[in-house]
Amino acid sequence: MRPAAIALGLLALLAGSVPGEAQIVGTTSLITIPVADMPPDGTITVGGGFVDKRYSEYLNGRADYTPVYLSVEFLPFLELAFRFSRPVNLDDRQRLGDRMVSARLRLLNETPRRPAILVGAHDFLTVKDSNHFHALYIVGSKHFQSFIPIGLHLGYGSNVLDARAYQFVGVFGGISLTVVEQGELLVEYDADRFSAGIRYELLDRFRVLLALQGLDSIIAGASMNVRL
C-alpha cells in the first residue's frame, strides 16, 4: 500500500475542481457513487478503468476487472450509458464479461437555494439473472462557492427490485474539495465502505481518476468527452 499512498499524495498536490464525470462506473459519479451532476447537453463520454478483485462483487473476489463504457447526454435532464466489464485472467465462462445499461433522470436543477435532485437505475435489464451491478437510487448534489469550493452529495439506494447483486443500498454520500483549477479531492461512502482519491483534468477533454477503494485497494479510470 505504500506506493499507492505515495502516488495519491503526489497527485493530490495538483488537485482542483472539474465537473463530476464518468471515469469508472460509466455514469456521472464521484469515485463510484452516483451524483446529481450531469455533463452538458450533447456530451458523449467514453472511458474505462480498473477495479481490484477485492471489490469485484460479481466475480466473488476471484479476479480484477476492467470496465469500459459509453455514456450519452442527449437531453439536458437524461443520461444513458452502456458498460462492459471484463474480468482479468479468469479462465471460466465468466471471462466473457458483464454487460449493463444505466439510465439517470434529473428531476430538479440546482439553484442557489436547493440541490439538484436525480433518480437513476443501473443494470436494470435482467438477462438470465445477470444483473450483477444493480442500483436504484435518488441523490441530491449541492455546490458551495467558498474559499475552497465544495460539492456535497447525499443519496439513498434501494433493493426493492430483484437482482443478483446490488450496489449503493442504504444511505451513501460524498464530498469534493477544490484547491486548484484542474481537479478535485474526493471522499465518499458508498453505503458499505469509505473511499478517497483525486480526479484531474487534462487538455480540457480528458479526465483521470486515482483512488483507494475501501481505503485499501487501488481503483483507477480515465475518460474523454466530446460535445455534439
Side-chain angles (χ1 to χ4, degrees), residues 17-51 58 65-86 96-110 115-127 130-141 143 151 153 155 157-158 161 163 166-168 172 174 176 182-184 186 188 190 199-209 211 219-228:
S17 176
V18 298
E21 294 188 9
Q23 278 88 24
I24 296 174
V25 301
T27 56
T28 309
S29 58
L30 203 58
I31 298 174
T32 62
I33 67 167
V35 297
D37 300 329
M38 280 188 171
D41 186 18
T43 300
I44 296 177
T45 304
V46 294
F50 171 84
V51 179
Y58 91 98
Y65 71 91
T66 55
V68 179
Y69 59 82
L70 168 71
S71 69
V72 180
E73 175 91 8
F74 62 89
L75 293 171
F77 52 84
L78 181 64
E79 181 180 10
L80 301 176
F82 173 79
R83 190 179 90 190
F84 176 72
S85 299
R86 183 174 177 80
L96 295 176
D98 177 81
R99 293 156 295 281
M100 62 176 275
V101 175
S102 300
R104 292 157 39 86
L105 177 65
R106 185 162 55 194
L107 303 178
L108 293 173
N109 292 323
E110 182 177 349
I117 302 294
L118 178 145
V119 294
H122 298 179
D123 204 6
F124 55 89
L125 299 179
T126 303
V127 180
S130 63
N131 44 354
H132 301 279
F133 298 95
H134 176 68
L136 181 64
Y137 57 86
I138 183 169
V139 61
S141 297
H143 299 271
H153 312 276
S158 171
L161 300 180
Y166 301 89
Q167 292 186 307
F168 319 123
F172 61 86
S176 60
Q182 282 79 29
E184 291 171 302
L186 311 171
E188 71 173 29
D190 67 2
R199 177 165 48 223
Y200 194 74
E201 179 182 14
L202 302 169
L203 304 177
D204 204 34
R205 290 191 183 274
F206 301 92
R207 286 169 175 82
V208 294
L209 174 70
I219 186 170
S223 65
M224 179 186 73
N225 64 67
V226 177
R227 293 287 302 278
L228 298 179

Leu75 backbone acceptor or donor facing Asp41 side chain under 3.5 Å: yes
Main-chain N/O of Phe206 paired to Glu201 side chain as donor or acceptor, under 3.5 Å: no
If you define the side chain from C-beta out and look only at heavy atoms, does anything of Arg207 sit under 4.5 Å from Asn225? yes
Qualifying residues under side chain to side chain donor-acceptor pair (under 3.5 Å), relative to Glu73, sequence neighbours excluded: none
Under the side chain to side chain donor-acceptor pair (under 3.5 Å) test, residues paired with Ser141 that sit two or more places apart: His153
Contact between Val25 and Pro67 at the side-chain level, heavy atoms closer than 4.5 Å - yes or no? no
Val68: partners by side chain to side chain contact (heavy atoms under 4.5 Å, CB included), with sequence neighbours left out: none
Is it the case that the ring center of Tyr137 lies less than 6.0 angstrom away from the ring center of Phe124? no
Sequence neighbours excluded, which residues qualify as side chain to side chain donor-acceptor pair (under 3.5 Å) partners of His134? none
Can you list everything that forms a side chain to side chain donor-acceptor pair (under 3.5 Å) with Arg83? Sequence neighbours excluded, please. Ser85
Taking the side chain as everything from C-beta on, heavy atoms only, tell me whether Val119 gets closer than 4.5 Å to Leu107. yes
Residues forming a side chain to side chain contact (heavy atoms under 4.5 Å, CB included) with Thr66, sequence neighbours excluded: Phe50, Arg86, Val88
List for me each residue that meets side chain to side chain contact (heavy atoms under 4.5 Å, CB included) alongside Ala220, sequence neighbours excluded, and say none if there are none. Leu210
